[in-house]
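Because the structure is predicted, anything quoted here is derived from the model rather than measured. Every chain is numbered from 1, with letters handed out A, B, ... down the list of sequences. The figures that follow rest on heavy atoms only: side chains count, while hydrogens, waters and symmetry mates do not.
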Number of protein chains: 2
Amino acid sequence: MTDGKNPVIANVTADDVAEAAGVSRWTVNRAFRKDASISRKSLEKVMAAAERLGYVPDLRAVSLASDRSNLVALLIDDFANPHKLVMMECLTRALRRGGWDTLLVNTLDRDDASHALLNASQRRVDAVILIGLQFDDEVLEAAAHARKFRELIIFARTSERPNTISIAVDDVRAMNDMAEYIYAKGYRRPLFVAGPQNYSAHLLRKETFFSYWHSNTGREPGLVTVSTYDPALARRVVAETLQNCAREDLPDVLVCENDALAMGAADAVRYSLGLAVPGDIAITGFDDVPQADNPNYRITTYRQPLSEMVDYLVEVLAHPDRQDRDRLFLGSLVVRESA
Amino acid sequence: MTDGKNPVIANVTADDVAEAAGVSRWTVNRAFRKDASISRKSLEKVMAAAERLGYVPDLRAVSLASDRSNLVALLIDDFANPHKLVMMECLTRALRRGGWDTLLVNTLDRDDASHALLNASQRRVDAVILIGLQFDDEVLEAAAHARKFRELIIFARTSERPNTISIAVDDVRAMNDMAEYIYAKGYRRPLFVAGPQNYSAHLLRKETFFSYWHSNTGREPGLVTVSTYDPALARRVVAETLQNCAREDLPDVLVCENDALAMGAADAVRYSLGLAVPGDIAITGFDDVPQADNPNYRITTYRQPLSEMVDYLVEVLAHPDRQDRDRLFLGSLVVRESA
DNA sequence: TTGTAAGCGTTATCAC
DNA sequence: GTGATAACGCTTACAA
């Protein structure tokens, strides 16, 4: 049974169990399914034999024969964004409860995204979930073209692509709520801190804020762009921007596209400029990551209803034949001390 | 080719390509391997046909037939610990470079860990990598018993288990360095902030510190235990502990088992007690997570050589027949302002 | 309720 | 260098 340092258990198959239990392989098969129509007696015999031999069905073979893999690929790129950790935790938990296993793919760069997609398709995953940045329309087009997976789900980001499911928060309403709050609080010189400018979800938040501001004040907010959702990078970029500002031209509020940027912005204001939040400059974020509640930050932000969104995702996976599966969710403003 | 909303591409198999290229299936197969001994002409014909038909090998079938899945399972539980995010990023990147795909399993609780292990074995993964907490000896025993995977790798934690590979930092030397630094700096009333007390790696750090301290001062450090590596929880526990302390009995340094605890401890000192770090109470951590360098913390900590460790892991996976694959790494003390 | 036979898409083995 | 044929372990008809 063992060869010294590496105990290798000979593969036990359904045939072995069938023989041991004195039934056919198909009966063994049925004993391992919820929808079994099988006699109590056979079930017991099979289970006893399976237990004794240490049998568990081989999911590769199941997948090959049934053409369902019960596997979804999760493609992520910006690991510096703390919100991704929250999403991963939530997603993997819900998927597992729903019976899905998760293939985690760290897509290093835009080029790599295509490889990742190809790889997922070779594993014949039932669905691909995208929660990264680097999936611009070109990559998505290639993905849709070569798709061997049934579903392409874009999570936490709106998308108008056909044959693609988008599950996200309603950025327009969310950002309008936020803009309204900011305006009502009396801030009048906002600087918008934006992330990578390569796709729509972010443009949506930015554009919503800009258009709100324009129609309420007739003026254009300032804008600064950070190329990754990385707090440390955001700190540097924001610091540099503000240091080049005359004191009287400083913004009174930094409206950040998400909490990762907001944390960096807060650090910049405090530690690079030596100013106070919100006394000198206020800050708002988006996502309500756990750190937003940290006493160092206490960021006013917008909470996405993540568990609802994830539950819906699992439901969608379970009913692939349903129509109109795109869905926008409403979150809520979380007011803390930063603005 | 499409049925309206869901374009489903009929499965292209090696047989289809073989027919289109006018060769046998096995020749198609060889065209897709690095170690091919195949004529240039056949190769070109096959590749052209494959390209045209959109063929990619089905990894499920490959795995079933060859008994190598090129898949490893990554079992993690404490998602609140920021170090886990760093590890995941590093691991998935290296594994992919080495040709492995990663099955991410979020093990919800101790009980769930066994299910996760079982599940991984059903996918016939080539290896299981454990970087979670909830794998005490009992769970590992069960895993080793029912193993269908070739390797069980315990990452970033020492283990003496047979048939198990442990890749970790040398906790004894690391903590001795740290203790030496703390002692040399003149701190004399340490409180050790420990994580969950259910397995050896942590006991190792704690015991090393305790024994260093005892042999150098003849006295026993204080001890407080936090049940998860969660900064928010650590803050509450540490705050409660210190609030019950007479002012003159307060520790002068909080020696934390890792950075997750150290960040919580720092928050407790500052925001719950209104004291200064390191002026009133100093703080040390372990791991050097990105946030340890944040201006709010600037934690003195110990850096694990993560990329070396990960590279070694991939190497180990590539040479399953090698002996003595356990390995301890040396990191380095990172001195910042917190102690 | 249970059994039989034909796939699923590869790789491995052995001839040619 | 290339091609038949038998695994790999399961599911899905269909028949009993």
Measure the distance from [atom1] on [X] to [atom2] on [N] and round it to the nearest whole Å.
X: A:D67; N: C:dG9; atom1: CG; atom2: P; result: 8 Å
X: B:F32; N: C:dA12; atom1: CZ; atom2: C1'; result: 19 Å
X: B:L53; N: C:dG9; atom1: CG; atom2: C1'; result: 15 Å

Residues two or more places apart in sequence or in another chain: which of them pass salt bridge (Lys or Arg N to Asp or Glu O under 4.0 Å) with B:D326?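 Once residues adjacent in sequence are excluded, B:D326 has no partner under the salt bridge (Lys or Arg N to Asp or Glu O under 4.0 Å) criterion.
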
Quick one: list whatever passes salt bridge (Lys or Arg N to Asp or Glu O under 4.0 Å) with B:R123, sequence neighbours left out.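 For B:R123, the residues satisfying salt bridge (Lys or Arg N to Asp or Glu O under 4.0 Å) (neighbours in sequence not counted) are A:D101.
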
Produce a footprint string for nucleotides 9-16 of chain D: one letter per nucleotide, 5' end first; B if the base is under 4.0 Å from any protein heavy atom, S if only the sugar-phosphate is, - if neither. BBBB----

Do any side-chain nitrogens or oxygens of A:S24 fall under 4.0 Å of OP1 or OP2 in C:dT4?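 So the side chain of A:S24 is outside the cut-off, no N or O lying under 4.0 Å from OP1 or OP2 of C:dT4.
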
Quick one: ring pair (Phe, Tyr, Trp, His ring centres under 6.0 Å) partners of A:F79, sequence neighbours excluded?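 Here no residue qualifies.
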
Going by side-chain hydrogen bond (donor to acceptor under 3.5 Å, both in side chains), name the residues that satisfy it together with A:K84, two or more places apart in sequence or in a different chain.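 Partners of A:K84 under the side-chain hydrogen bond (donor to acceptor under 3.5 Å, both in side chains) test: A:D78.
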
Inter-residue atom distance A:C90.SG - B:N106.CG, 0.5 Å rounding: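 Rounded to the nearest 0.5 Å, the SG-CG separation comes out at 10.0 Å.
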
Pair listing, salt bridge (charged side-chain N to carboxylate O under 4.0 Å, His left out) test, anchored in residues 307-318 of chain A, at least two apart: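 Every salt bridge (charged side-chain N to carboxylate O under 4.0 Å, His left out) pair that includes a residue of residues 307-318 of chain A, provided the two are not neighbours, is A:R97-A:D311, A:E315-A:R322.
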
